[in-house]
Amino acid sequence: MTRRIVIPFIPGDGIGPEIMAVSKTAIEAAVRRSTDGAVELDWVEVVAGDAAFKKVGQWLPQETLAAIKEHGVALKGPLTTPVGSGIRSLNVAIRHALDLYANIRPVRYFKGVPSPVREPHKMNMVIFRENTEDVYKGIEWKRGSAEANAVLSLIRSMGAVVRDDSGIGIKPMSETASKRLVRAAIKYAIKHHLSSVTMVHKGNIMKFTEGAFRDWGYEVANTEFADSSVPESALKGSAANARIVIKDRIADNMFQQILTRPEEYSVLATPNLNGDYLSDACAAQVGGLGLAPGANMGDSVAVFEAVHGTAPKYAGKDIANPCSLMLSGALMLDHIGLESSASELVKSIESTLAEGIMTQDLARLGSGIEPVRTSEFCAAIIRRLS
Ligand code: NAP
């Protein structure tokens, strides 16, 4: 009997609907091929963003959140962030409403894709970025406001020296959020047989936020994963014996390391802002955001999404790159237990790109590569799957 799995999807705005259409086709083909038809996906469209506002007068309807919660998973296209309305960012609102505390961004090289670095194949990292705290909390007050002045008085009474004409921002980082993020990163490393988890922090300057993030991370590794992990400091020249090596690096050093020794890192666990910068810097080394998939995960719900935006100037032209969303679809398949379908899909994207079949955003980075349309790219992938 065929097993049916319900997948809610948000087509998104701008190029969203067209990259979603081809991605769904490729994902379905991969599932059909790898399971011999034993598994079928039932796609259920739910709306958010422009489409939702036009349909029901809301940017993020409760029904959409309820459907994602019910099925525990969703594939999401990019959404326009409404300017001048109540919602600061729809993506942030979705993450907040579903407590999707880990932003996961695997970054790897695809042969054939033009890259700005000499050895792009050495980049193969998965970045786990904390999604709920640090600067993402958005706690700040304008220079001269009553709130900023009140905070200034308070912190001065505690000995801080701050200029009168300062805007004030607060970056909270809790033990709860830091530990669950590092825990998720270590679990991922175990599941995927990866060799290390590196916490990236600025603890040399901010001891009780960034430094505490590192300390809480080591505590999680030492207490919950003592059998499967070993701190780098305990290795002293001995082998890790198949255990995951837990390291930490100061953020500025890490930016050097991703260029000079990328092969020494597999999973990075970061507070919000460090991860924000690092994930784009890593993606740039292998051809840019068009190839970077993303996931936002909580304990019971995960939303998989393209990391780029709606690229409105390409909407409706059949030239946008669907790789980021397709690869996010592969992550989703892996997450719901269809690992072989995920790997079929990734393999066919790999071979398509390796043969120089790519959309204009990638083709223009090299020389003499004739770009294909979004639909032609998808057809090339399906051919390799069937
Ligand atoms: P963007 O939509 O990511 O586009 C910026 C540029 O990136 C495009 O002009 C294009 O570059 C390139 N690009 C992005 N995706 C591409 C693709 N799939 N194929 C080919 N090229 C691609 O960023 P933005 O213009 O800053 O934002 C537009 C809207 O998207 C805003 O409303 C923003 O809030 C929203 N947004 C949503 C998300 C999300 O839903 N996750 C993320 C980011 C932004 P070239 O012009 O160089 O060809």
Side-chain angles (χ1 to χ4, degrees), residues 9-23 26 46-54 59-60 64 68 74-98 100 103-105 110 113-114 116 127 129 131 136 138 272 275-277 279-280 283-284 286-297 302-329 331-332 349 352-353 357-366 369 371-378 381:
F9 72 100
I10 301 173
D13 305 317
I15 57 171
E18 58 203 276
I19 59 171
M20 180 61 80
V22 297
S23 296
V46 290
V47 286
D50 268 350
F53 197 75
K54 283 180 194 136
W59 294 101
L60 183 54
T64 295
I68 299 174
L75 186 65
K76 172 187 157 298
L79 295 173
T80 305
T81 297
V83 177
S85 93
I87 284 191
R88 200 168 180 174
S89 154
L90 277 169
N91 296 305
V92 174
I94 292 173
R95 290 169 199 174
H96 184 76
L98 301 171
L100 306 176
N103 179 278
I104 301 163
R105 183 94 72 86
F110 285 88
V113 173
I127 298 149
R129 163 164 67 115
N131 232 354
Y136 244 35
N272 187 267
D276 199 9
Y277 296 154
S279 46
D280 279 19
V286 294
L289 295 186
L291 279 175
N296 290 292
M297 280 194 200
V303 174
F304 297 83
E305 65 175 358
V307 301
H308 55 73
T310 59
K313 71 180 184 188
Y314 295 139
K317 294 190 175 149
D318 194 25
I319 56 174
N321 183 356
C323 278
S324 176
L325 192 59
M326 271 186 200
L327 290 165
S328 303
L331 281 184
M332 179 186 77
I349 294 173
T352 304
L353 291 169
I357 301 170
M358 57 190 77
T359 46
Q360 55 86 28
D361 54 311
L362 299 177
R364 71 189 177 189
L365 301 174
I369 305 173
V372 297
R373 307 188 81 77
T374 314
S375 49
E376 292 167 332
F377 182 76
C378 179
I381 286 171

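One-based numbering, in listed order, for ligands and for the atoms of each. Just the heavy atoms: all of them, side chains too, but no hydrogens, waters or symmetry mates, feed the values below. These numbers come from a predicted model, not from an experiment.
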**Q.** Polar proximity ligand 1 side, G77 side, N/O cut 3.5 Å exclusive
**A.** no
Q. Can you name the closest pair of heavy atoms from H308 and N321 and give their distance?
A. NE2-O, 4.1 Å
Q: Indicate the atoms forming the closest heavy-atom contact of V22 with M326, along with that distance.
A: O-CE, 4.0 Å
Q | R129 to Y136, cation-pi by 6.0 Å centre distance and 45° axis angle | A | yes
(Q) Against I10, only a single residue in V47, L60, I68 fulfils side chain to side chain contact (heavy atoms under 4.5 Å, CB included); can you say which? (A) I68
Q) Closer than 4.0 angstrom: is that true for some heavy atom of R364 and an atom of ligand 1? A) yes
Q) How close does the nearest protein non-hydrogen atom get to atom 2 (O) of ligand 1, and which residue and atom is it? A) A311 N, 2.7 Å
Q.
Checking a contact table here: which protein heavy atom is nearest atom 9 (O) of ligand 1, and how many Å away?
A. K313 CE, 3.7 Å
Q. For atom 14 (C) of ligand 1, what is the nearest protein heavy atom, given as residue, atom name and distance?
A. H308 CB, 3.7 Å
Q: Decide yes or no for K76 and N296: does some side-chain heavy atom of the first lie under 4.5 Å from some side-chain heavy atom of the second?
A: no
Q | Spacing of D361 atom CG and Y314 atom OH [to the nearest 0.5 Å] | A | 7.5 Å
Q | Identity and distance of the protein heavy atom lying nearest atom 25 (O) of ligand 1 | A | P312 CD, 4.6 Å
(Q) With nothing but distance in play, are any N or O atoms of I15 less than 3.5 Å from an N or O of ligand 1? (A) no
**Q.** Identity of the nearest option to atom 18 (N) of ligand 1, non-hydrogen atoms only, from T310, N321, D361
**A.** N321
**Q.** Contact atoms of ligand 1, heavy-atom distance to T80 under 4.0 Å
**A.** 32 (O)
Q: Within a distance under 4.0 Å of any heavy atom of Y314, pick out the atoms of ligand 1 and give their elements.
A: 10 (C), 21 (N), 45 (P), 46 (O), 48 (O)
Q.
Can you tell me how far apart CZ (R95) and CG (L90) are? Round to the nearest 0.5 Å.
A. 11.0 Å
Q: Using protein heavy atoms only, decide if any is under 4.0 Å from atom 5 (C) of ligand 1.
A: no
Q.
Tell me whether atom 12 (C) of ligand 1 lies less than 4.0 Å from at least one protein heavy-atom position.
A. no
Q: Any pair with a residue in residues 306-323 that passes salt bridge (Lys or Arg N to Asp or Glu O under 4.0 Å), sequence neighbours left out, goes on the list, sorted by first then second residue, please.
A: D318-R373
Q. If only atom types and distance count, is the side chain of T359 paired as donor or acceptor with the main-chain N or O of A320 below 3.5 Å?
A. no
Q) Just to confirm, does any protein heavy atom lie below 4.0 Å from atom 27 (O) of ligand 1? A) no
**Q.** Nearest neighbour in protein (non-hydrogen) for atom 36 (N) of ligand 1
**A.** G309 CA, 3.4 Å
Q: For K76, counting its heavy atoms only, list the atoms of ligand 1 lying under 4.0 Å from any of them.
A: 40 (O), 41 (N)
Q: To the nearest 0.5 Å, tell me how far D50 CG sits from T310 OG1.
A: 8.5 Å
Q | atom 37 (C) of ligand 1: the protein heavy-atom neighbour that sits closest, reported with distance to 0.1 Å | A | L79 O, 3.1 Å
(Q) I'd like to know if G290 contacts ligand 1, where contact means a heavy-atom distance under 4.0 Å to any ligand atom. (A) no
Q. Quick one: CD1 on I349 to CD1 on I381, what's the gap to the nearest 0.5 Å?
A. 4.5 Å
Q) Counting from 1, what ligand 1 atoms have a heavy atom of N91 closer than 4.0 Å? A) 37 (C), 38 (C), 39 (C), 40 (O), 41 (N)
Q) Do you know the tightest heavy-atom contact between V303 and L98? A) CG2-CD1, 4.1 Å
Q) Nearest protein heavy atom to atom 46 (O) of ligand 1: under 4.0 Å? A) yes
Q: For atom 33 (C) of ligand 1, grab the closest protein heavy atom and report residue, atom and distance to one decimal in Å.
A: T81 OG1, 4.1 Å
Q.
Under 3.5 Å between any N/O of V307 and any N/O of ligand 1: does that happen in this structure?
A. no
